[in-house]
Amino acid sequence: RTRTACVSCDCLDEDGILCLVDTVTTVPNHAGDCPVFYQCTALKAVDAPGVTYIGAYAFGQASSLEVANLPAVTTLSYAAFTSCVALKALFAPSLTSLAEGALLSAVELEYAEMPRVTVMGPLAMAGCLKLRSLFLPALTTIASETFGYVTVMPQMIYMPSNGLVSLHMPKLQSIPRYAFRACDNVASLDLPSLTSVETRAFYGLTGLTSVRLESLAVVPSEAFLSNA
C-alpha cells in the first residue's frame, strides 16, 4: 500500500486504511481546527510504524476502526482511542503508559499487545468487554477503576462488567480503591509482587476463583468487599 505523511481522515486509501510513512512520529491532539481522526467513521485500520506519540482524542469515536498497528508508540494520551467500538486488536509493543480513558469503551477489543506498559490511568481499559486475557509483565502502577465499569459515555450506555477472565501482572506492587470495580468476569488474578492494597481494592470481583498474592503480608478487611 502507498504510505502517506498526511495525518487526517482525508488521507485514507479506498479501503479505509491509513498507512503512515516512517517519518511521521506524532498524531496530535484532537482540536476544533485539527480533528485528526476523531469521529473518522471511514477509518478501518492504522499502520503507523514511526509514530511514538498519540494525542488526546486522536482516534476517539473512530467507530469503524478494527486494527491498530503501532510498533513504536510509547504513549497513548487521554482518551486516545475512547469509544472505538469496533477495535479488535491493538499492537503496541513499545507502549509504556496508558493515560486516563485511553481505551475506554473499546467494547470489541479482544487482543492487546502491550508488554512494556508500566502505568495505566483511571478508566484506561474500562469497558473492554471482549478481552479474555491480558498479560502485563512490566505494569507497576494502576489507578482507580483502571479496569472498572463504565457508566457515562458519549452513547450513554451502561456497561456493568469487564470481559477479562485472567490477569497476570507480575510487577504490580499496589492497587488503589475500586481498581477492578464491577469486573465480574475476572476469574483469576496473578499478582506475585503485590505488597499494598487499599480498602475495596478488589471490590466487584464477584467471579474471582483464584488469587496469587505471595508478597502481600496484610490484606485490609474490606479489600474483597462485595465479592461472592
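- For the pair Gln173 and Leu194, the minimum side-chain heavy-atom distance is 4.5 Å or more.
- In terms of modelled atom types and a separation under 3.5 Å, the side chain of Thr52 and the main chain of Ala72 share no donor-acceptor contact.
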Output, in order, the C-alpha distance, side-chain angles, deciding distance and verdict of side chain to side chain contact (heavy atoms under 4.5 Å, CB included) for Leu87 and Phe59.
CA-CA 11 Å; Leu87 186 64; Phe59 292 94; over 6 Å; no
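- The closest donor-acceptor contact from the side chain of Ser8 to the backbone of Asp10 lies under 3.5 Å.
- A heavy-atom distance below 4.5 Å is not found between the side chains of Thr82 and Leu123.
- With values rounded to the nearest 0.5 angstrom, Leu12 atom CG is found 10.0 Å from Cys19 atom SG.
- Side-chain contact between Val7 and Phe37: present, with at least one pair of heavy atoms (C-beta onward) separated by less than 4.5 Å.
- Side-chain N/O atoms of Ser77 and Tyr53 include a donor and acceptor closer than 3.5 Å.
- The minimum heavy-atom distance between Cys11 and Thr4, with the atom names listed, is O-CG2, 4.2 Å.
- Counting only distance, with no hydrogens or angles, the side chain of Thr41 and the backbone of Ser63 share no donor-acceptor pair below 3.5 Å.
- In this structure, the side chain of Ser64 does not engage the main chain of Lys44 through any donor-acceptor pair within 3.5 Å.
- To the nearest 0.5 Å, the span separating CG on Leu191 from CG on Leu172 amounts to 6.0 Å.
- Using modelled atom types, one side-chain atom of Asn29 and one backbone atom of Ala56 make a donor-acceptor pair closer than 3.5 Å.
- Checking side-chain atoms of Asp13 against main-chain N and O of Asp15 turns up a donor-acceptor pair under 3.5 Å.
- Annotation: ring pair (Phe, Tyr, Trp, His ring centres under 6.0 Å) contacts of Tyr78 (sequence neighbours excluded): Tyr57.
- Under the side-chain contact (heavy atoms from CB on, under 4.5 Å) rule, Ile142 has a single partner from Ser174, Pro176, Pro122, which is Pro176.
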Given the rule in the side chain to side chain contact (heavy atoms under 4.5 Å, CB included) test, do Leu95 and Thr74 qualify, once you have shown the distances and angles that lead to the verdict?
CA-CA 4 Å; Leu95 187 66; Thr74 59; 5.7 Å; no
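- Salt-bridge formation is detected for the pair Arg212/Glu214: a Lys NZ or Arg NE/NH1/NH2 atom is positioned less than 4.0 Å from an Asp or Glu carboxylate oxygen.
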Give the C-alpha distance, both sets of side-chain angles, the deciding distance and a yes or no for side chain to side chain contact (heavy atoms under 4.5 Å, CB included) between Leu109 and Lys88.
CA-CA 4 Å; Leu109 188 64; Lys88 297 181 183 298; 5.9 Å; no
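- Of the inter-residue distances, the one linking Glu108 atom CD with Glu66 atom CD reads 9.5 Å to the nearest 0.5 angstrom.
- Counting all heavy atoms, side chain and backbone alike, Pro71 lies closest to Ala48 at CD-O, 3.8 Å.
- Closest non-hydrogen pair, Leu43 versus Ala62, comes out as CD2-CB, 4.5 Å.
- With hydrogens and angles disregarded, no donor-acceptor distance shorter than 3.5 Å links the side chain of Thr118 to the backbone of Ala138.
- You'll find the side chain of Val197 reaches within 4.5 Å of the side chain of Pro220, heavy atoms only.
- Within the model, atoms SG of Cys40 and CG of Leu18 stand 8.5 Å from one another, a figure rounded to the nearest 0.5 Å.
- The side-chain heavy atoms of Thr75 and Ser97, taken from C-beta on, include a pair separated by under 4.5 Å.
- With Thr146 contributing its side chain and Gly121 its backbone, the two residues share a donor-acceptor pair below 3.5 Å.
- Tyr178 and Val119 fall into different hydrophobic clusters, where Ile, Leu, Val, Met, Phe, Trp and Tyr are joined by side-chain heavy atoms under 4.5 Å apart, directly or via other members.
- Note that CG of Leu213 and CG of Asp190 are 9.0 Å apart. Values are rounded to the nearest 0.5 Å.
- A donor-acceptor contact shorter than 3.5 Å links the side chain of Thr209 to the backbone of Ala187.
- Under the 4.5 Å side-chain contact rule for hydrophobic residues, Val46 and Tyr111 do not share a cluster.
- At least one side-chain heavy atom of Leu103 sits under 4.5 Å from a side-chain heavy atom of Leu90.
- Considering only heavy atoms from C-beta on, Tyr38 comes within 4.5 Å of Gln61 through its side chain.
- The distance from the OG1 atom of Thr141 to the CD1 atom of Ile175 is 11.5 Å, given to the nearest 0.5 Å.
- Residues Ala80 and Ile54 come closest through the heavy atom pair CB-CG2, 4.0 Å.
- Judged purely by atom type and a 3.5 angstrom limit, Ser105 has no side-chain atom pairing as donor or acceptor with the backbone of Gly127.
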Full working for salt bridge (Lys or Arg N to Asp or Glu O under 4.0 Å) between Asp22 and Arg3
CA-CA 9 Å; Asp22 293 358; Arg3 293 192 176 273; 5.0 Å; no
Could you go through Val51 and Leu20, starting from their C-alpha distance and side-chain angles, then the distance that decides it, and tell me whether this counts as side chain to side chain contact (heavy atoms under 4.5 Å, CB included)?
CA-CA 8 Å; Val51 170; Leu20 292 175; 3.9 Å; yes
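- Two residues are said to be in side-chain contact when any heavy atoms from C-beta on lie closer than 4.5 Å; Leu65 and Phe81 meet this criterion.
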